[in-house]
Amino acid sequence: MSQATNQSWGGRFSEPTDAFVARFTASVTFDQRLARQDIQGSIAHATMLARVGVLTDDERDAIINGLNEIQGEIERGEFNWSVPLEDVHMNIEARLTDKIGITGKKLHTGRSRNDQVATDIRLFMRDEIDVIEVELKRLREGMIELADREADTIMPGFTHLQTAQPVTFGHHILAWQEMLSRDHERLLDCRKRVNVMPLGAAALAGTTYPIDRHVTAELLGFDRPAENSLDAVSDRDFAIEFTSFASILLMHLSRMSEELVLWTSAQFNFIDLPDRFCTGSSIMPQKKNPDVPELVRGKTGRVYGHLMALLTLMKSQPLAYNKDNQEDKEPLFDAVDTVRDCLKAFADMVPAIEPKKASMVEAARRGFSTATDLADYLVRKGVAFRDAHEIVGHSVAYGLKTEKDLSEMSLEELKQFSDIIEQDVFEVLTLEGSVAARNHIGGTAPNQVRAAAQRARDALSALKAGAA
Ligand code: ARG
């Protein structure tokens with residue numbers, strides 16, 4: 001079957017394409033995913049050609065009706081994709097000609113598959129970015145509400161994964177939310193450069209027909225036509241930008257995943273994840289595994305891989321279009337699917353996180369997390385910080401020996417280390433006192449967390465897709 005010479009370009013060929021070469025060079029098995037955008041682009045192109053007098057209105061109508069019917073065939077799964085026809089563009093054009101005859105062959109006037117495919121991917125990416133943005137917003141909203149709800153919940157904060165100082169759980173979740181706010185900006189910024197129209201660049205140099213690229217751009221919702229035809233057909237920066245956005249986002253999600261995995265372990269025992277986000281073990285009946293965060297953590301690798309693949313794909317490519325660029329699609333498609341699914345998983349899961357408050361507080365207490373507060377207390381009473389540090393060090397050593405937290409020692413016990421210490425020390429040694437004292441913008445005090453959640457909510461509702 002693949003022995004036939006391709007009807008779209010076979011004119012100058014004297015022997016049919018080798019069967020293996022036809023399969024090797026074909027992209028229709030994966031680029032059929034661009035069918036909707038390909039038809040959308042073709043309808044706009046035909047509309048513009050009629051407006052400038054290259055097609056008659058009847059020809060335009062026949063083409064548009066035919067394309068709409070083809071869209072229906074594809075949606076109903078009736079379309080017969082043919083590998084010898086190489087790619088999505090030629091499959092659809094051939095079907096159009098089957099349906100409406102010679103007029104179908106006029107659709108390609110003033111255009112090339114080079115500007116056509118670049119346009120299709122940009123339309124596709126714009127659609128996908130908008131879907132991804134909805135999930136990203138939903139996740140950010142879920143985090144903000146969880147943080148607000150848990151503004152008073154105390155947990156240990158860590159450095160080096162060692163208990164450092166008490167923080168509020170809400171503050172920790174808002175740290176995640178900050179990461180996502182930067183990802184959100186990167187996504188919207190990427191969208192600006194996606195939304196530029198290559199169509200009209202034709203193969204590489206433009207076309208001799210009196211096309212009006214502003215008309216086509218407006219019909220397709222592009223911000224503007226691409227400035228330079230050579231760049232327009234060859235530029236894939238937007239694909240690299242999207243996968244770098246995706247890589248940074250997945251790096252963030254992998255960090256959150258790691259914490260969720262730790263927190264659900266019996267050793268930490270900080271949170272519970274509802275059963276619907278976990279699975280069991282086929283051999284160990286007691287197991288409840290945090291598969292969703294583990295899998296998100298694991299999927300980070302393939303997204304980094306796609307970024308590397310696209311950077312390397314574009315490296316050293318001479319202008320203008322090269323067949324190499326057909327290799328842009330599979331990494332992009334997989335990056336889009338992975339990002340969307342990981343965000344959906346997180347957006348569903350985050351609001352369902354149940355903190356085990358008693359266990360978190362206990363962990364904060366066990367780790368001498370208010371030691372810095374005692375040092376600060378001594379400094380406020382006139383002790384130099386370095387001396388205060390040493391005094392508290394001795395208190396902690398005593399606490400380790402006697403298995404007592406600083407707040408569990410009597411005033412007499414504390415006075416062994418400094419007689420400056422008075423009854424009022426217990427206000428700063430409690431976990432509640434410690435977090436409440438960090439009462440400035442960006443601090444962990446519950447009222448600051450609630451104010452930060454409100455600012456995050458406002459910032460999020462001020463963002464508009466495609467704006468920024
Ligand atoms: N399938 C091709 C791609 O994805 C379409 C453009 C082919 N252009 C060409 N001159 N062979 O890049």
Side-chain angles (χ1 to χ4, degrees), residues 2 4-13 16-18 20-42 44-45 67 70 74 79 81-97 105 107-128 194 196-207 226 229-240 242-243 306 309-336:
S2 49
T5 297
N6 191 300
Q7 58 175 6
S8 304
W9 43 251
R12 61 99 72 206
F13 284 74
T17 314
D18 178 86
F20 169 74
V21 172
R23 249 187 304 123
F24 184 67
T25 55
S27 53
V28 68
T29 49
F30 51 86
D31 71 11
Q32 54 183 268
R33 191 163 169 186
L34 298 174
R36 193 162 55 78
Q37 288 82 11
D38 194 67
I39 289 172
Q40 185 188 0
S42 290
H45 182 64
L67 288 170
I70 292 170
I74 295 169
F79 193 91
W81 296 103
S82 150
V83 173
L85 286 173
E86 206 175 314
D87 56 27
V88 61
H89 323 292
M90 293 200 287
N91 267 265
I92 290 174
E93 194 187 308
R95 178 73 185 126
L96 182 66
T97 303
K105 297 187 180 181
L107 169 62
H108 212 52
T109 312
R111 125 183 136 167
S112 151
R113 276 184 297 154
N114 298 350
D115 59 343
Q116 186 177 356
V117 71
T119 303
D120 292 0
I121 316 168
R122 284 170 182 267
L123 289 171
F124 171 83
M125 288 309 297
R126 192 179 68 190
D127 292 344
E128 295 296 328
V194 164
V196 175
M197 187 190 72
L199 204 60
L204 75 165
T207 175
S229 64
L230 294 165
D231 178 56
V233 292
S234 71
D235 170 37
R236 296 293 183 274
D237 291 4
F238 65 91
I240 294 172
F242 178 82
T243 43
H306 298 323
L310 289 170
L311 279 168
T312 313
L313 172 67
M314 293 312 294
K315 179 184 176 294
S316 313
Q317 261 198 54
L319 287 171
Y321 177 85
N322 300 286
K323 183 75 168 179
D324 313 43
N325 284 359
Q326 184 165 292
E327 285 288 308
D328 63 355
K329 289 167 202 65
E330 289 160 293
L332 259 187
F333 292 164
D334 188 71
V336 158

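Just follow the structure's listing: the first ligand is 1, and inside any ligand the first atom is 1. Note: hydrogens, waters and symmetry copies are ignored here, and every other heavy atom, side chains too, is used.
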Discussion item. So is Glu86 touching ligand 1 or not, going by heavy atoms under 4.0 Å?
Written reply: no
Worksheet entry | Where ligand 1 meets Lys329 - atom numbers and elements under 4.0 angstrom, heavy-atom basis | 3 (C), 4 (O), 12 (O)
Practice prompt. Please work out which of the three classes, parallel, tilted or perpendicular, describes the rings of Trp81 and Phe79, given edges at 30° and 60°.
Written response: tilted
Practice prompt. In sequence, state the C-alpha distance, the side-chain angles, and the governing distance for Glu93 and His108, and then conclude on side chain to side chain contact (heavy atoms under 4.5 Å, CB included).
Written response: CA-CA 8 Å; Glu93 194 187 308; His108 212 52; 3.7 Å; yes
Worksheet item: Between Arg236 and Asp328, is there a salt bridge with N-O shorter than 4.0 Å?
Response: yes
Discussion item. Quick check with a 6.0 Å cut-off and a 45 degree axis cone: is Arg33 positioned over the face of Phe124's six-membered ring?
Written reply: no
Discussion item. I'd like to check which ligand 1 atoms, numbered from 1 as shown, lie under 4.0 Å from a non-hydrogen atom of Tyr321.
Written reply: 2 (C), 3 (C), 6 (C), 7 (C), 8 (N), 9 (C), 12 (O)
Worksheet entry | Atom indices of ligand 1, in the order listed, that fall short of 4.0 Å to a heavy atom of Asp87 | 1 (N), 2 (C), 5 (C)
Discussion item. Would Asn114 count as a polar contact of ligand 1, with the cut-off being nitrogen or oxygen pairs under 3.5 Å?
Written reply: yes
Item to complete: Using a strict cut-off of less than 4.0 Å between a Lys/Arg side-chain nitrogen and an Asp/Glu carboxylate oxygen, indicate whether Asp18 and Arg23 qualify as a salt bridge.
Response: no
Worksheet item: What residue and heavy atom of the protein are closest to atom 11 (N) of ligand 1, and at what distance?
Response: Arg113 NH2, 3.5 Å
Fill in: Heavy-atom nearest option to atom 1 (N) of ligand 1, drawn from Gln326, Lys323, Met90
Gln326
Discussion item. Within the 4.0 Å heavy-atom shell around Ser27, which atoms of ligand 1 are there?
Written reply: 1 (N)
Discussion item. Regarding Glu86 and Lys323, does a basic nitrogen lie under 4.0 Å from an acidic carboxylate oxygen?
Written reply: yes
